[in-house]
A.B. asks: 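Structure provided below as structure tokens; questions to follow.
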Amino acid sequence: MGTNGLEKKHGMEGDPDLQFLLQGGDLLKVRSSSWKKTRYYRLQEDCKTMWHESKKTFRTKQTFSLDDISALRMGRQSEGLRKNTEEQVDGRCFSIIFKSRRKNLDLIASSEEEAKQWVNSLQKMVSSINNLSSQQKAEHWIISCLAKADKNKDEKLSLSEMKNFLRLINIEVDDEYAEIVFKKCDTSNSGYLSGKEIEHFYDLLTHREEIDVIYGEYAKTTGFMSPDNLVEFLMKEQREKTTLADAHKIIEKHEPDEKAKEKKLLTKDGLLMYLHHQDTLVLNPDHKDVYQDMSHPLNHYFISSSHNTYLMEDQLKGPSSTEAYVRALLKSCRCVELDCWDGSDDEPVIYHGYTLTSKILFKDVIKAIKEYAFKTSDYPVILSLENHCSVEQQEVMARHMSSILGSALVTSPLGEGMPTDFPSPEDLKGKILIKGKRLNKLEASFAAEAAAADATDVTEEEESNDEDEQKEEEKKKKLKLAKELSDMVIYCKSVHFHSFEDARKNQSFYEMSSFKEGKAENLAEESANAYIHHNVDKLSRIYPAGTRTDSSNYNPVPLWNAGCQIVALNFQTSCMDMDVNQGRFLINGKSGYILKPAYMRDTATEFDPITLTRGDWLKHKTLHVMVISAQQLPKVNNKKSSIVDPVVKVEVYGVPADVAEKETKNIENNGFNPTWNESFQFDVYVPELALVRFVVEDYDSTSDNEFVGQYTLPFNSLKLGYRHVPLLNKNGDLLPSAGLFVHIMVVDAE
């Protein structure tokens with residue numbers, strides 16, 4: 001059960017990088033300028049878990065999984081290393097950045113060569129794990145649990161070790177059943193399992209009865225699936241247009257048994273391998289890359305947007321960090337917020353004003369944005385400036401943006417003359433736009449008298465949590481605005497919203513308003529069609545109420561239904577609203593831009609998501625979902641005795657008429673392979689705005705269920721037939737081996 005089986009799984013037997021990590025070594029861990037301590041790090045035998053020594057007596061978790069690593073950065077790139085180390089150690093420094101909200105691990109090696117060796121070796125292992133198929137990840141997980149259960153490392157499993165293993169993989173079995181399985185596998189009657197007996201035990205354990213049933217129905221050629229049988233399965237069940245040539249390719253690619261492959265047959269294992277492949281999961285693979293027309297005006301897209309982007313936690317005392325911008329941008333967020341205040345030494349800072357949140361330098365944030373803006377998506381990034389700075393420090397802000405962002409910064413309209421509409425995301429690829437106050441209309445900059453403009457008063461639009469409009473009017477302060485900063489605002493000029501009529505008469509296309517969630521929700525409910533019309537011509541930004549000091553979120557769906565493009569959420573907070581946001585922007589190459597439906601881009605549209613008057617948006621469908629089974633659900637807490645009692649919820653989000661939720665019964669004490677076979681039906685009236693969310697929870701009869709995993713995707717991106725559904729953890733990262741197995745059907749209801 002040692003490393004060899006796992007090394008083979010990775011195809012890395014005898015690899016020098018793997019051997020280096022297995023051997024491990026000393027590294028200097030950096031927490032502050034005074035806390036730098038040597039710790040020993042090494043890769044455990046499962047080839048997936050890093051162990052490090054800890055001097056804390058009661059520290060139990062001295063490990064982290066390679067699965068949790070988001071990125072490795074060579075040099076003093078992290079905020080911690082830049083602050084706490086000297087420039088001369090740059091070549092010896094590296095950082096491990098985690099997917100979850102876990103803090104970066106900042107480390108210093110004894111030499112530059114050793115630092116490179118650690119980074120290269122870890123990178124190789126991380127990409128090796130990422131390249132495993134979901135089937136291989138499942139096997140990897142089971143093998144590593146078997147290795148963990150083999151307490152005395154003799155590569156044999158006793159009955160008590162087998163029970164321990166079953167608990168590790170989230171199965172509670174009674175002693176009698178465990179003994180029956182054990183005796184069935186212990187063909188040598190030795191009292192322990194080894195070699196082939198463990199393989200037999202593994203086969204019994206991973207047997208998927210539901211796959212047997214599907215396979216049995218279509219395997220009509222001497223007990224196997226022929227290319228003809230496979231075509232029938234794919235066309236009838238999966239609704240895939242398939243040719244015989246496609247079937248031959250599938251067998252060639254996915255069939256693990258060489259003899260069956262020679263005979264052009266697909267075994268049950270081959271079918272399972274195929275159903276686990278990335279391109280056959282529940283998300284339509286054609287929607288993974290950019291597939292929408294990106295040449296429409298910018299305001300015709302929903303734009304993935306963040307609020308208080310600088311915060312890692314809450315809004316009262318949480319830390320501000322450039323890392324928060326990096327995380328949001330890597331999750332394809334395309335509109336980030338910068339809350340700017342005067343700092344010492346003439347350097348503006350970013351933090352949540354009048355609170356105990358920590359401060360970061362404006363220029364450091366701009367550098368982080370420059371570096372990470374286009375790593376996930378090539379499409380434009382909007383910097384939403386909330387400006388509280390003096391004229392002098394505004395000039396510093398303008399200089400920093402100009403020198404750091406260079407040609408990426410849009411400082412004049414694209415094309416010749418005064419524009420009459422927004423450029424498209426395609427036109428703006430690799431560009432950064434500034435949203436903020438402007439001293440004058442953009443038109444004025446094309447007139448001769450523009451040259452005379454200088455620092456002048458403008459009304460400061462502060463995000464306010466005050467529900468009383470009158471008080472809000474009184475609270476407005478006059479802010480002096482530096483011409484250098486004003487001139488950088490081209491397509492996103494902030495203006496106060498008075499009414500839709502006023503906006504229609506007096507606002508230019510590039511003048512946009514920010515609405516706090518309560519005001520926006522009222523407009524979306526009471527004047528939905530007027531709001532949609534407003535958003536056909538202009539941009540709208542929505543932000544959470546200031547009372548959400550815990551950085552909680554609001555439901556973005558009703559605002560999208562009203563055509564609002566920049567619905568800003570607290571990316572730093574894990575919740576259902578962020579899950580739905582991630583689901584909305586999962587498609588179209590994770591570009592952060594989703595084209596609004598045609599009826600939300602039409603100046604004459606009569607669409608109203610509340611009243612749903614008849615129109616081309618009404619395409620009534622019936623969604624049938626059968627929740628069949630789940631595989632390898634993680635434990636909610638790591639107590640040995642704690643086994644998940646899973647329940648599955650299927651939720652639909654969209655226009656009010658489409659919102660619905662159904663749930664299965666709970667299965668007691670089985671997170672490994674629970675089976676439900678429960679069917680649900682949903683009416684979906686406006687498919688283009690609908691999202692489907694699959695949620696797994698640990699059932700609790702006495703308190704709220706605990707979250708296990710979820711997956712959200714647009715209704716129109718669902719694949720039909722038998723599909724595996726991957727699951728994401730609360731931070732939106734993939735749970736490596738867990739998943740649901742469902743059957744999906746969509747029919748026209750009219």
Side-chain angles (χ1 to χ4, degrees), residues 1-30 36-54 61-78 81 85 88-99 102 104-148 150 153-155 195 198 256 278 375 733-734 736-737:
M1 209 59 53
T3 59
N4 283 355
L6 293 161
E7 286 178 34
K8 280 176 190 165
K9 282 257 174 273
H10 288 284
M12 292 182 73
E13 232 177 332
D15 182 274
D17 288 309
L18 177 57
Q19 298 311 317
F20 169 79
L21 292 174
L22 288 166
Q23 187 179 333
D26 284 338
L27 289 165
L28 194 64
K29 182 177 176 180
V30 180
K36 296 184 179 81
K37 298 190 180 174
T38 302
R39 296 286 183 259
Y40 186 77
Y41 289 81
R42 69 173 168 79
L43 185 65
Q44 293 190 321
E45 287 75 16
D46 66 356
C47 300
K48 186 180 172 179
T49 309
M50 285 297 292
W51 174 89
H52 57 94
E53 78 178 310
S54 172
K61 203 168 182 189
Q62 292 155 221
T63 61
F64 60 85
S65 170
L66 297 186
D67 267 324
D68 294 335
I69 295 177
S70 161
L72 289 134
R73 293 195 202 140
M74 195 72 206
R76 295 165 68 248
Q77 285 198 56
S78 75
L81 283 172
T85 62
Q88 59 262 36
V89 296
D90 186 67
R92 290 164 45 203
C93 293
F94 68 97
S95 300
I96 297 175
I97 315 299
F98 294 100
K99 290 176 185 169
R102 182 177 179 150
N104 298 347
L105 190 52
D106 291 329
L107 301 162
I108 303 178
S110 58
S111 69
E112 289 194 21
E113 290 66 38
E114 195 189 327
K116 280 179 192 152
Q117 174 79 71
W118 274 105
V119 169
N120 292 341
S121 302
L122 283 167
Q123 255 163 354
K124 189 191 267 192
M125 284 308 295
V126 168
S127 66
S128 160
I129 285 171
N130 289 342
N131 288 334
L132 293 175
S133 69
S134 52
Q135 176 78 0
Q136 287 169 315
K137 281 180 185 169
E139 289 172 12
H140 187 290
W141 181 68
I142 291 169
I143 292 169
S144 62
C145 285
L146 277 167
K148 219 182 273 184
D150 181 13
K153 305 292 176 225
D154 61 356
E155 305 218 346
I198 291 178
Q278 282 301 310
K375 288 247 196 278
D733 298 314
L734 192 68
S737 30

A.B. asks: Apply side chain to side chain contact (heavy atoms under 4.5 Å, CB included) to the pair F94 and L81, showing each step before the final yes or no.
C.D. replies: CA-CA 8 Å; F94 68 97; L81 283 172; over 6 Å; no
A.B. asks: Under 3.5 Å, is there a donor-acceptor pair between the side chain of K99 and the main chain of D67?
C.D. replies: yes
A.B. asks: Can you tell me how far apart CG (L43) and NZ (K48) are? Round to the nearest 0.5 Å.
C.D. replies: 11.5 Å
A.B. asks: So which of L122, L21, L105 actually passes side chain to side chain contact (heavy atoms under 4.5 Å, CB included) with Y41?
C.D. replies: L105
A.B. asks: Is the side chain of S127 donor-acceptor paired with the backbone N or O of Q123 at a distance under 3.5 Å, no angle test?
C.D. replies: yes
A.B. asks: Can you tell me how far CG of D26 sits from OG1 of T38, rounded to the nearest 0.5 angstrom?
C.D. replies: 6.0 Å
A.B. asks: Please name the pair of heavy atoms, one in I129 and one in C47, separated by the smallest distance, quoted to 0.1 Å.
C.D. replies: CD1-O, 4.1 Å
A.B. asks: Kindly write out the residues that satisfy side chain to side chain contact (heavy atoms under 4.5 Å, CB included) with I97, not counting sequence neighbours, or none if the list is empty.
C.D. replies: A71, R73, S95, N104, E323
A.B. asks: Given the rule in the side chain to side chain contact (heavy atoms under 4.5 Å, CB included) test, do K29 and L107 qualify, once you have shown the distances and angles that lead to the verdict?
C.D. replies: CA-CA 5 Å; K29 182 177 176 180; L107 301 162; 4.1 Å; yes
A.B. asks: Ignoring hydrogens and geometry, is there a side-chain-to-backbone donor-acceptor pair from D68 to F98 under 3.5 Å?
C.D. replies: no
A.B. asks: In Å and rounded to the nearest 0.5 Å, what is the CG to CE distance from L22 to M125?
C.D. replies: 7.5 Å
A.B. asks: Flag yes if more than 12 heavy atoms outside Q23 fall under 6.0 Å of its CD atom; otherwise flag no.
C.D. replies: no
A.B. asks: For the residue pair T63 and R102, what are the closest heavy atoms and their distance?
C.D. replies: O-NH1, 3.9 Å
A.B. asks: What pair of heavy atoms forms the shortest contact from E112 to R92, and how long is it?
C.D. replies: N-CG, 3.7 Å
A.B. asks: Could you tell me which non-hydrogen atom of D17 sits nearest to which non-hydrogen atom of K124, and how far apart they are?
C.D. replies: OD2-NZ, 2.9 Å
A.B. asks: Please report the shortest heavy-atom distance between G91 and M74, naming the atom on each side.
C.D. replies: O-CE, 3.3 Å
A.B. asks: Mind checking the CD1-CG spacing from I108 to D90? Nearest 0.5 Å is all I need.
C.D. replies: 10.5 Å
A.B. asks: So, using side chain to side chain contact (heavy atoms under 4.5 Å, CB included) as the criterion, who are the partners of E114 when residues are at least two apart?
C.D. replies: L27, A109, S110, S111, W118
A.B. asks: Below 4.5 Å, heavy atoms only, C-beta onward: do T49 and L66 meet side chain to side chain?
C.D. replies: no
